[in-house]
Enquirer: 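Input: one structure, supplied below.
All values below were derived from every heavy atom in this structure, side-chain atoms included, with hydrogens, water molecules and symmetry-related copies excluded. Predicted model only: the values in this text are computed from it and were never measured.
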Amino acid sequence: MNNDLSGEETLIQELSYCGPLLKTLLDNTNDGIALLNKNREMVISNAKLREIAGNKDVSEIKGLLPGEIFQCVALEDESHVCGRTEFCTQCGANRAIRNSLTGNEDEQACSILKKNGDALELMVKTAPIKLNGQYYILAVIRDESRESRRRMLERLFFHDINNILSGFQTIVDMLGDDCTAEEASELLQLLGRTSNSFIDEINSQKLLSDAENGELTTHKEEFSSLSTLNNAATFYEKLGVAKDRNIRVSIDGDDFKIVSDRTLVNRVLGNMIKNALEATHKGGTVTLSSSQKNGKGIFSVHNPGFMRKEVQLQIFKRSFSTKGIGRGLGTYSIKLLTERYLKGSASFSTDEQSGTVFSIELPLY
């Protein structure tokens, strides 16, 4: 960090001569306003920006980089510097700021996953500005997190529910008088799978909404890792997403006892399994396994697919989905529920030869 702030201190002092009017105007805008120096460090901020940053004081964020101000999860590794990690190549705020450093105005959407599991959806507008002979970046930041959350949940919920109900209606229509007993039996099984998908989708959306609103409570109990995987495999192989795909439980894994919230563990596993099934071609197999390491219990779900680099860099972001805009919150909810409520960690690995594995690591007690 550049400690030579004499020019910036002069600027701040000169701006202060404008009196309380300027401060009142800045602090009562609906958008966050930041003045960054050429090193992308915070020089001046208004009240709204400090609120978006987590109700920080001026002294707490002055001189910090944007990712440090908003506690970006990409900076959990102390060796990572905001603007210089591979994750930053996918960051809208970073792109907008860098474009303005070259003299251009820009506006880009920015999705930030915070270290505490919260998600920020920001619209960042930047412009170069010259003050006292020095170049700065003026950034106007609109927090669209709440509205984005509402829109996405609505779009996702109505999209998936409509698809399920459409399938439900199709099956009912096929159960006509000319339907044979064998055909009726198959259709009734399919109807059961569709009904299970409907209930699972409603429960999933309700749980995620409660989790984001801080309204989720956990209830610990002891259960077996292997029975949990077997039950999950049995349930999800009956859903529509598993059609023409296989789910198996590895016989090489460890069977251990764990004390945790069984409902949340099942929900996280369910999201891992559904994501894996969606990434698996017809005839492919999703494999579930459990293991113990360093006093932790690990649940893993493997699929034969491979994730491209640009997908890997955004996989846990709330607004990101390989299924299109407003589709899919599975990987985000995996991280949110695991790290905020189950006190564990979520991770993945992917390789063109061996496929993709999502894992959650949980305390045994």
Enquirer: Apply side chain to side chain contact (heavy atoms under 4.5 Å, CB included) to the pair Ile137 and Ile129, showing each step before the final yes or no.
Expert: CA-CA 6 Å; Ile137 301 301; Ile129 184 172; over 6 Å; no
Enquirer: Distance-only criterion, 3.5 Å: show the donor-acceptor pairs between side-chain atoms of residues 43-50 and protein atoms not counting sequence neighbours.
Expert:
residue, atom, partner, partner atom, Å
Ser45, OG, Arg50, NH1, 3.2
Asn46, OD1, Ile33, N, 2.8
Asn46, OD1, Leu49, N, 3.0
Asn46, ND2, Leu26, O, 2.8
Asn46, ND2, Thr29, OG1, 3.1
Asn46, ND2, Asp31, O, 3.0
Lys48, NZ, Glu51, OE2, 3.2
Arg50, NH1, Ser45, O, 2.7
Arg50, NH1, Asn46, O, 3.4

Enquirer: Can you measure from CD (Glu183) to CG (Leu188) and round to the nearest 0.5 angstrom?
Expert: 12.0 Å
Enquirer: Give a yes or no answer on whether the side chain of Asn104 reaches the backbone of Ser100 with a donor-acceptor pair at less than 3.5 Å.
Expert: no
Enquirer: Can you give me the closest heavy-atom contact between Ser291 and Asp254, atom names plus distance?
Expert: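 Closest approach of Ser291 to Asp254, heavy atoms only: CA-OD2, 3.3 Å.
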Enquirer: Does CD in Glu182 sit with more than 12 non-hydrogen atoms of other residues, nucleotides or ligands closer than 6.0 Å?
Expert: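 No, CD of Glu182 has 12 or fewer neighbouring heavy atoms, counting only those of other groups under 6.0 Å.
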Enquirer: Are there over 12 heavy-atom neighbours, none belonging to Lys114, within less than 6.0 Å of that residue's NZ?
Expert: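 More than 12 heavy atoms, drawn from other residues, nucleotides or ligands, come within 6.0 Å of this atom.
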Enquirer: Would you name the heavy atoms of Ala184 and Cys179 that are closest together and state the gap between them?
Expert: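 Looking at all heavy atoms of both residues, the shortest contact is N-SG, 3.4 Å.
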Enquirer: At what distance, to the nearest 0.5 angstrom, does OG of Ser79 lie from CZ of Arg84?
Expert: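 Separation between the atoms: 12.0 Å.
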Enquirer: Under 6.0 Å between the ring centres of Phe348 and Phe358?
Expert: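 Centroid distance Phe348-Phe358: below 6.0 Å, so yes.
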Enquirer: Would you call Lys309 and Glu86 a salt bridge, taking side-chain N to carboxylate O under 4.0 Å as the test?
Expert: yes
Enquirer: Just to verify, what does Phe256 make a ring pair (Phe, Tyr, Trp, His ring centres under 6.0 Å) with, not counting sequence neighbours?
Expert: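 Scan of Phe256 (ring pair (Phe, Tyr, Trp, His ring centres under 6.0 Å), adjacent residues dropped) gives Phe299.
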Enquirer: Let's go through Leu288 and Ser250 carefully: what are the C-alpha distance in whole Å and the side-chain angles of both, what is the deciding distance for side chain to side chain contact (heavy atoms under 4.5 Å, CB included) to 0.1 Å, and is it a yes or a no?
Expert: CA-CA 6 Å; Leu288 319 183; Ser250 173; over 6 Å; no
Enquirer: Are the side chains of Leu277 and Ile247 in touch, meaning some heavy atoms are under 4.5 Å apart?
Expert: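 Result yes, sub-4.5 Å side-chain heavy-atom pair found.
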Enquirer: Taking all atoms of both residues into account, what is the closest heavy-atom pair of Ser289 and Leu229, and its distance?
Expert: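 It is C-CD1, 3.5 Å.
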Enquirer: Could you tell me which non-hydrogen atom of Glu278 sits nearest to which non-hydrogen atom of Val241, and how far apart they are?
Expert: CG-CG2, 3.6 Å
Enquirer: Kindly give the heavy-atom pair with the smallest separation between Ser359 and Ser300, and that separation in Å.
Expert: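 Nearest pair, atom of Ser359 first, then Ser300: OG-OG, 2.8 Å.
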Enquirer: With side-chain hydrogen bond (donor to acceptor under 3.5 Å, both in side chains) as the test, would you mind laying out the steps for Asp57 and Ser59 before giving the verdict?
Expert: CA-CA 5 Å; Asp57 293 330; Ser59 59; 5.0 Å; no
Enquirer: Between Lys335 and Phe316, is NZ or CZ placed under 6.0 angstrom from the six-membered ring centre and within 45° of the ring axis?
Expert: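 Output yes; distance and angle both within limits.
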Enquirer: Side chains of Val286 and His302: does their closest heavy-atom pair fall under 4.5 Å?
Expert: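 Answer no - side chains too far apart.
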Enquirer: Report the C-alpha separation of Phe223 and Val265 in whole Å, then their side-chain angles, then the decisive distance to 0.1 Å, and conclude whether the side chain to side chain contact (heavy atoms under 4.5 Å, CB included) test is met.
Expert: CA-CA 11 Å; Phe223 53 93; Val265 172; 4.0 Å; yes
Enquirer: With a sphere of 6.0 Å drawn around NZ of Lys243, does it hold more than 12 non-hydrogen atoms of other residues, nucleotides or ligands?
Expert: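 Result for NZ/Lys243: open.
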Enquirer: Considering only NZ, NE, NH1 and NH2 on the basic side and carboxylate oxygens on the acidic side, decide whether Arg262 and Glu221 come within less than 4.0 Å.
Expert: yes
Enquirer: Just wondering, more than 12 heavy atoms not from Asn116 lying within 6.0 Å of its CG?
Expert: yes
Enquirer: For the CD atom of Gln292 and the CD atom of Glu361, what is their distance to the nearest 0.5 Å?
Expert: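 Those atoms lie 11.5 Å apart.
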Enquirer: Is it true that a side-chain atom of Asp351 and a backbone atom of Gln353 form a donor plus acceptor pair closer than 3.5 Å?
Expert: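 Checking the backbone N and O of Gln353 against the side chain of Asp351, a donor-acceptor pair under 3.5 Å is found.
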Enquirer: Can you tell me if CZ on Arg142 sees more than 12 non-hydrogen neighbours from other groups inside 6.0 Å?
Expert: no
Enquirer: Between Asp255 and Ser290, is any pair of side-chain heavy atoms under 4.5 Å apart?
Expert: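 SC-SC contact between Asp255 and Ser290 ruled out.
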Enquirer: Suppose clustering is done on Ile, Leu, Val, Met, Phe, Trp and Tyr with side-chain heavy atoms closer than 4.5 Å. Which residues sit in the same group as Phe87?
Expert: Leu313
Enquirer: Is the number of heavy atoms from other residues, nucleotides or ligands within 6.0 Å of CE (Met174) greater than 12?
Expert: no
Enquirer: State which residue, out of Asn94, Asp106, Thr126, fulfils the side chain to side chain donor-acceptor pair (under 3.5 Å) condition with Asn99.
Expert: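 It is Asp106; the other options fail the test.
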